[in-house]
Structure formats: structure tokens, C-alpha cells
Q: 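This is the structure I have questions about; it appears just below.
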Amino acid sequence: MTDLKRTWAEIDLDALAHNYRTIREKAGRNVKFLGVVKADAYGHGALRISKTLARLGADYLAVSSLDEAEELRIGGVELPLLILGHTPPTQVDKLIKYGITQTVTCEAKAYEYQAEAEKLGEKLKIHIKLDTGMSRLGFLCADSHFDECIKAIARSVSLPNLDVEGIFTHFAVSDEIGDQNREYTMKQFDLFMSVISALEKQGVTFRIRHCANSGAFANYPETYLDMVRPGLLTYGYGEYAKKLGLLPVMSEKTVIGTIKVLDKDTSISYGRLFTTSGRQRVGVLPIGYADGLFRSLSNGCALQLPYGKTKILGRICMDMCMIDLGDYPQSEVGDEVEIFGKNNPVESLAEYAGTIPYEIVCAVSKRVPRVFMEDGKVIERELGLKL
Ligand SMILES: *Cc1c(COP(=O)(O)O)cnc(C)c1O
């Protein structure tokens with residue numbers, strides 16, 4: 001990495017393969033695996049992650065929008081691809097051209113997609129989404145909505161130009177422990193199963209029923225059904241990843257760019273949050289909030305040096321931040337700093353910033369090159385900037 005002397009993110013494809021195999025083994029042989037690669041594969045680089053998952057044997061991939069799906073198709077990814085979010089009906093031609101599966105979240109959208117597919121004389125592959133308690137996307141089906149929901153889905157799936165492959169729902173608290181969360185998750189799951197069985201009674205069946213996100217995958221094996229879709233676990237983050245023996249895929253690294261020894265009573269960075277209490281050795285790192293290093297990690301967040309831990313001093317700037325080198329007289333310009341990764345878990349940064357690992361990895365910005373590693377060697381580099 002000697003010619004990459006700014007900030008980069010190493011993506012460990014061996015860790016990804018390990019996680020994939022571990023998840024598959026726990027899922028069991030008759031359960032399909034959907035790789036969630038939305039948001040540029042949680043910041044890891046959607047194209048390379050998708051190709052790796054395809055090679056490993058994944059059955060399906062999911063993204064959040066048509067643009068994300070197109071990126072993968074143009075990049076040569078041929079796996080079945082589900083768009084979890086909304087696509088305007090005017091884009092049905094693209095969905096069909098690229099062979100992309102669209103989520104249908106209400107009856108009105110089913111009719112809109114049907115009309116467009118009919119005009120083209122083609123069939124659009126779809127999955128029905130149920131809202132069992134997220135109050136986000138999907139046919140409402142709880143309580144007073146139940147009967148109408150069954151009728152609306154039955155009408156939707158009978159439309160001639162829709163090829164109905166699957167049905168799914170999404171959990172709100174499957175990753176949180178406690179009786180109330182278990183009860184809520186089970187209520188969502190039972191509702192999902194009741195809708196499916198009410199439809200079955202009318203002869204409406206689905207080839208792929210799926211609902212297990214990372215939390216449900218870790219905590220509720222009964223929810224695996226025909227396919228699981230754990231995102232975060234695939235990338236190896238969160239408390240359940242650790243319990244399942246999964247490995248973090250991304251390590252964000254930078255180098256010490258400058259070293260200076262400040263006098264006593266010298267303040268550091270904007271807002272002067274930190275002032276030296278004696279002569280102090282300080283490192284300047286070429287990473288800031290524009291790289292995705294949240295400003296809320298300022299003045300105290302721990303980072304990893306080759307010789308031990310250190311802390312960010314003062315405010316994180318747009319392109320730089322300062323660290324304490326007081327304990328490390330041996331430190332030199334060019335020494336590597338792990339922002340997060342195998343030695344400095346992303347979970348610690350998330351906790352410090354009052355957020356979740358998802359947000360930290362998704363925030364690693366496009367000017368941070370992704371360096372893909374396999375068997376300890378760099379196999380590809382990818383920079384999101386348009387050069
Ligand atoms: C993002 C997403 C997932 C994956 O969630 P994780 O918590 O990362 O496992 C699964 N299903 C849907 C519908 C999603 O939007």
C-alpha cells in the first residue's frame with residue numbers, strides 16, 4: 001500500500017467469503033441466500049462485492065433503486081436482482097430489459113406496473129411486500145386491514161403481465177433483545193404467515209417467501225423460510241456477527257501525514273476544544289468528515305496505531321484531524337493508522353458517535369479508494385471519483 005499515502009478502505013474478500021459460508025451453513029441447505037448490496041454494498045463497493053457473492057454461490061441480490069441495479073447489470077452481474085424500494089412505472093422498460101425484479105408495495109402500483117408491462121408486451125417479475133409493523137413500505141395487513149389486504153393482493157397477483165415470484169416483509173426490532181421485542185417480532189412473523197396462508201387458501205402461492213434480516217437471522221431461525229437476507233452480518237459487523245464468528249470486511253486506514261511537537265497551552269483545531277497541558281507530540285492525519293469520519297468522533301475517539309491506541313485531539317476538520325502521539329516517540333510520518341477494522345472495531349466508533357455501524361461504513365465517502373484484498377494480496381482498486 002506504499003503508493004496509497006492518503007486514506008483508503010481495505011475490503012477483505014476472504015472475510016466476506018468466510019461470512020458467506022458461515023451464514024449459509026447456519027441457514028441450512030434448502031434456504032436461499034440473498035446478498036443485500038444496496039448503498040454501494042454498505043459502502044464496500046457494490047460491483048466487486050456482488051461479483052464475489054455470485055462466485056461464492058449467492059442466489060439473489062437486493063438493492064434499493066433502479067440506478068443501483070443498473071450499475072450491477074452494466075458491470076456484468078447476472079444474478080437475480082430485487083429492487084427493495086420504489087421504481088417509477090415509466091422505468092418498467094428498463095426493469096424488463098435488465099431482467100430486474102421489482103417490489104410491489106400496494107395495489108395501485110401493481111396496476112401501474114401492469115399497464116406499462118402490457119404496453120411492452122412483456123412480463124415484469126415482482127415480489128409482494130407486506131407491511132407487518134414497520135409502517136414503511138408494503139400492503140398494510142394488520143387488524144382492520146387484513147381482509148382487504150388479502151383481496152388486494154389476490155387482485156394484484158392475477159394481473160397477466162406480472163410474474164409473481166415472491167413475498168416478503170421486514171422486521172422492526174428483530175436485532176434488539178428483550179421480551180417486548182421478541183413479542184413484536186413474533187407478531188410480525190405470525191401476521192406474515194397468516195397472510196400467506198389466507199392467500200394459499202385462494203390458490204395464490206409464492207415461490208420465495210422471505211423475511212430474515214440480520215437480527216432475525218441471528219435470533220429467530222424459524223423465520224428463514226425460503227430465503228434469508230442478512231445485510232450487516234454479511235459484512236461482519238454488530239454484536240451478532242461476533243457471536244456467530246463472522247469477520248469485519250472493511251478496514252479504513254490512513255497514515256500520519258505530519259508530526260509536530262506543540263508547546264504547553266497550545267490549542268488544537270477549530271473551536272479550540274483541546275489545549276495541551278505540557279509539551280506534546282501530535283500527528284496530523286489526512287482524513288476528515290468529508291471522508292466520512294463523523295465530526296461527532298472529535299476530541300476523544302480512539303484509533304489504532306501500530307504500537308498501540310491513540311485518541312483524536314480537538315475537532316475533526318473536513319479533510320484532516322489531529323491525534324495524540326505523546327506516548328509514542330517512535331512514531332514517524334508515514335506510519336499507518338487504523339481508523340476502524342480488525343484491531344479497532346467499527347462498533348466502538350459507532351458507540352462513541354451515538355450511532356450504528358451501518359452508518360459509519362455507509363458514510364465512507366467516494367474519495368476514499370476501496371482496495372480489494374484476496375489471499376492477502378491486492379486484486380483491485382476502485383475510486384468513486386470521476387477522473
Ligand atoms: C437493508 C435491508 C435488509 C438488510 O438489513 P440488515 O439489518 O443489514 O440485515 C433486509 N431487508 C430489507 C427490506 C432491507 O431494506
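We number each residue from 1, following the sequence as shown. Everything numeric here is computed off the predicted structure, so don't read it as measured data. Numbering of ligands and ligand atoms starts at 1, following listing order.
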Q: What donor-acceptor contacts under 3.5 angstrom involve side-chain atoms of residues 78-92, with partners at least two apart or in another chain?
A:
residue	atom	partner	partner atom	Å
Thr87	OG1	Gln102	OE1	2.5

Q: Who's touching ligand 1 if we go heavy atoms under 4.0 Å?
A: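 Contacting ligand 1 under 4.0 Å are Val36, Lys38, Tyr42, Leu84, Arg136, His170, Asn213, Ser214, Arg229, Pro230, Gly231, Leu232, Tyr358.
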Q: Applying salt bridge (Lys or Arg N to Asp or Glu O under 4.0 Å) as the test, list every pair that has at least one member in residues 150-163; sequence neighbours left out.
A: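 Listed by first then second residue: Glu107-Arg155, Glu148-Arg155, Asp163-Arg207.
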Q: Going by atom types only, do Arg281 and Ser331 share a side-chain donor-acceptor pair under 3.5 Å?
A: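 Checked: Arg281/Ser331 side chains pair up, N/O donor to acceptor below 3.5 Å.
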Q: Taking the inter-plane angle between the rings of Phe189 and Phe171 on a 0 to 90° scale, is it parallel (under 30°), tilted (30 to 60°) or perpendicular (over 60°)?
A: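 Taking Phe171 first and then Phe189, their aromatic rings sit tilted (interplane angle of 30° to 60°).
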Q: If the threshold is 4.0 Å, N to carboxylate O, is there a salt bridge linking Asp59 and Arg229?
A: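 Looking at Asp59 and Arg229, the cut-off is not met.
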Q: Under a single-linkage rule joining Ile, Leu, Val, Met, Phe, Trp and Tyr whose side-chain heavy atoms are separated by less than 4.5 Å, which residues share a cluster with Leu383?
A: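 Taking Ile, Leu, Val, Met, Phe, Trp and Tyr as members, Leu383 shares its hydrophobic cluster with Leu385, Leu387.
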